[in-house]
Amino acid sequence: MLEDLLGAARTAAERSAASRVLRLCGGLPLALHIAGLWSSGRPHRSLRDLADRLTNEQDRLRFLRVGDLSLEASVAACYSSLPASVRAALLRLRRMSGDFGVDDMLPEVTASPGMAADLLDELIDRQLAYAVGRSRTAGGCTGSTTPCVST
């Protein structure tokens with residue numbers, strides 16, 4: 001997406017910074033689109049400048065804004081439309097970092113493995129998380145029937 005907005009030459013010249021922007025945007029299409037628009041409107045600024053601005057997690061949502069397009073407003077609108085059970089799960093899940101699965105959600109989010117699996121599916125369906133493999137074990141995501149996700 002960055003390459004589409006900025007051109008192959010510009011992203012290739014700063015491949016490391018482009019990768020950093022991708023990671024800091026969590027691979028989220030809207031975040032990448034806004035970051036690309038910001039950078040394309042500022043050809044005098046480097047992708048490293050953009051990545052540096054995105055480094056501070058507290059300011060990232062506020063910064064990802066171009067004109068009327070705002071990641072913060074989009075996330076707020078999405079969050080307010082979620083069912084109460086999903087909003088409550090997200091609040092509890094924010095303490096987790098990295099990939100997680102059903103077992104990681106017990107008992108912090110819910111005591112029911114079935115409810116945890118349903119919540120993971122709901123997060124995936126709403127594109128608030130994405131499946132990265134199967135259920136998590138000590139060795140990482142492995143071949144079970146429940147998803148291992150990342151937010």
Side-chain angles (χ1 to χ4, degrees), residues 1-6 8 11 14-40 47-151:
M1 184 173 295
L2 286 176
E3 191 170 286
D4 288 345
L5 290 166
L6 304 175
T11 53
E14 293 187 80
R15 183 67 55 200
S16 175
S19 294
R20 205 167 133 221
V21 169
L22 175 66
R23 182 179 51 77
L24 291 168
C25 287
L28 297 171
L30 181 57
L32 287 168
H33 184 73
I34 294 170
L37 288 174
W38 183 90
S39 193
S40 69
L47 286 176
R48 183 174 177 215
D49 289 341
L50 174 60
D52 288 346
R53 292 184 70 140
L54 295 173
T55 299
N56 184 334
E57 193 172 348
Q58 259 77 39
D59 292 337
R60 195 172 301 148
L61 270 180
R62 181 189 57 75
F63 174 72
L64 286 168
R65 165 187 316 267
V66 173
D68 292 339
L69 187 57
S70 164
L71 185 61
E72 185 173 33
S74 295
V75 168
C78 175
Y79 181 80
S80 67
S81 72
L82 294 173
S85 61
V86 176
R87 285 195 313 265
L90 280 174
L91 289 174
R92 290 185 210 111
L93 287 171
R94 68 182 172 177
R95 291 178 271 228
M96 293 186 187
S97 62
D99 302 343
F100 60 91
V102 168
D103 292 341
D104 300 305
M105 295 173 70
L106 305 172
E108 184 68 29
V109 175
T110 180
S112 163
M115 179 63 79
D118 289 347
L119 283 169
L120 286 180
D121 286 341
E122 182 79 18
L123 293 173
I124 292 167
D125 290 347
R126 292 178 179 271
Q127 299 180 4
L128 297 171
Y130 57 94
V132 294
R134 296 286 186 210
S135 186
R136 187 177 167 90
T137 65
C141 294
T142 60
S144 174
T145 59
T146 58
C148 179
V149 302
S150 185
T151 55

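Summarising the geometry of Ala116 relative to Leu106, their closest heavy-atom pair is CB-CD2, 4.3 Å, with the distance given to 0.1 Å. Nearest heavy-atom pair across Val86 and Glu122 is CG2-CG, 3.4 Å. Residue Leu32 comes nearest to Cys25 through the heavy atom pair CD2-CB, 3.8 Å, listed as atom of the first residue, atom of the second, then distance. Residues Val102 and Pro113 come closest through the heavy atom pair CG1-O, 3.7 Å. Here the shortest heavy-atom pairing between Ala89 and Val109 reads CB-CG1, 3.8 Å.
Atom OG1 of Thr11 sits about 4.5 Å away from atom CZ of Arg15, to the nearest 0.5 Å. Taken from CG in Leu5 to CH2 in Trp38, the straight-line distance is 13.5 Å, to the nearest 0.5 Å. To the nearest 0.5 Å, the span separating CZ on Arg60 from OG1 on Thr55 amounts to 7.0 Å. One distance of note links CG of Leu28 with CD1 of Ile34; it measures 10.0 Å at 0.5 Å rounding. Atoms CG and CG, on Leu123 and Leu93 in that order, are 6.5 Å from each other to the nearest 0.5 Å. In this structure, NE2 on His33 lies 12.0 Å from CG on Leu71, to the nearest 0.5 angstrom.
Looking only at side-chain heavy atoms (C-beta outward), Arg20 and Leu50 stay at 4.5 Å or farther from each other.
For the pair Glu14 (side chain) and Leu47 (backbone), a donor-acceptor distance under 3.5 Å is present. Of the possible donor and acceptor atoms, none in the side chain of Arg48 sits under 3.5 Å from a partner among the backbone N and O of Ala17. Although no hydrogens or angles enter the test, the distance criterion places no donor-acceptor pair under 3.5 Å between the side chain of Ser39 and the main chain of Ala35.
Using a 4.0 Å cut-off between a side-chain N of Lys or Arg and a carboxylate O of Asp or Glu, Asp59 and Arg53 do not qualify as a salt bridge.
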For this session: Take Leu69 and Leu30, measure what side-chain contact (heavy atoms from CB on, under 4.5 Å) needs, and give me the verdict at the end.
Result: CA-CA 9 Å; Leu69 187 57; Leu30 181 57; 4.0 Å; yes
For this session: Please step through side-chain contact (heavy atoms from CB on, under 4.5 Å) for the pair Glu72 and Leu64, ending with a clear verdict.
Result: CA-CA 7 Å; Glu72 185 173 33; Leu64 286 168; over 6 Å; no
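Side-chain atoms of Ser70 and Arg62 include no donor-acceptor pair closer than 3.5 Å.
Dense packing is recorded around CE of Met1, with more than 12 heavy atoms of other residues, nucleotides or ligands lying under 6.0 Å away.
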